[in-house]
Amino acid sequence: EAGVAQSPRYKIIEKRQSVAFWCNPISGHATLYWYQQILGQGPKLLIQFQNNGVVDDSQLPKDRFSAERLKGVDSTLKIQPAKLEDSAVYLCASSPPSNDEQYFGPGTRLTVT
Amino acid sequence: GEDVEQSLFLSVREGDSSVINCTYTDSSSTYLYWYKQEPGAGLQLLTYIFSNMDMKQDQRLTVLLNKKDKHLSLRIADTQTGDSAIYFCAESLTDSWGKLQFGAGTQVVVTP
């Protein structure tokens, strides 16, 4: 079974630029999560989708971050414009309909200079 | 700071047992999880325990749960160099289905 796929794996941008990350969850997984992991910290949930609807985006900085999951499968997370403090690893996870077990992708490491 | 607290670092000799401790906040948490993160990789689910259990054993891993003290521990028997990683404790939050609150992680270094 293929795992959660993410791309790109690494991205370096200058502050005020825009960036987008892509995630393809495990086939059949209805729930998709985006996390931000700052160096030395645990992952922090940004947004949770159930199929193509948003369940929780209370921690998403909506003035600069946006996410979508239009067809209930793939998802993109966008930052526009980026700030230095957005430097982090962005992790995507998915879970099946039957339980809460979350399976994580390898993450995208973003460096904002 | 993190609501879920873990010690930051643990050094252990190969072949010894490792014990990683965690305290959590939501007394109504349904599930508590242990994840492993190796350098440059995502998080790998190691094991979890349901809140009505005191202990769960899975091969070399033993999870102990003390609900009264909101304390969770992970014991790794016969620790190997491949066990060197960061270990995260996470609790499921009862006010939001599927939402996990993670600790800051415990870096485990296994020395030969």
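In what follows, chains are A, B, ... by sequence order, proteins preceding strands, each numbered from 1. Atom set for the values below is all heavy atoms of this structure, side chains included, hydrogens, waters and symmetry mates excluded. Please read all numbers here as calculations on a predicted model, not as lab measurements.
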Tell me whether the count of non-hydrogen atoms from other residues, nucleotides or ligands lying under 6.0 Å of [atom1] in [X] goes above 12.
{"X": "Q59(B)", "atom1": "CD", "result": "no"}
{"X": "Q80(A)", "atom1": "CD", "result": "no"}
{"X": "K68(B)", "atom1": "NZ", "result": "no"}
{"X": "Y24(B)", "atom1": "OH", "result": "yes"}
{"X": "I12(A)", "atom1": "CD1", "result": "no"}
{"X": "L84(A)", "atom1": "CG", "result": "yes"}

Next item on the list: For R9(A) and G40(B), work out which heavy atoms get closest and say how close.
Entry: NH2-O, 2.9 Å
Next item on the list: Of all the heavy-atom pairs spanning L43(B) and P43(A), show the shortest one and how long it is.
Entry: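 Minimum heavy-atom separation between L43(B) and P43(A): CD2-CG, 3.9 Å.
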Note to self: So for L45(B), is it side chain, backbone, both, or neither that comes closer than 4.5 Å to the heavy atoms of chain A?
What the structure shows: side chain
Item checked: Part of Q37(B) lying under 4.5 Å from any heavy atom of chain A ->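 The side chain, not the backbone.
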Item checked: Minimum side-chain heavy-atom gap Y35(B)-Q102(A) below 4.5 Å ->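 Answer yes - side chains close enough.
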Margin query: Within this structure, what is the CG-OH distance for the pair L100(B) and Y33(A), rounded to the nearest 0.5 Å?
Written below: 7.0 Å
Next item on the list: Can you measure from OH (Y33(B)) to CD (E101(A)) and round to the nearest 0.5 angstrom?
Entry: 6.5 Å
Notebook entry, point to check: Most heavy-atom pairs under 4.5 angstrom with chain B, which of Q6(A), Q37(A), R109(A)?
Noted result: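 Counting heavy-atom pairs under 4.5 Å, the top option is Q37(A).
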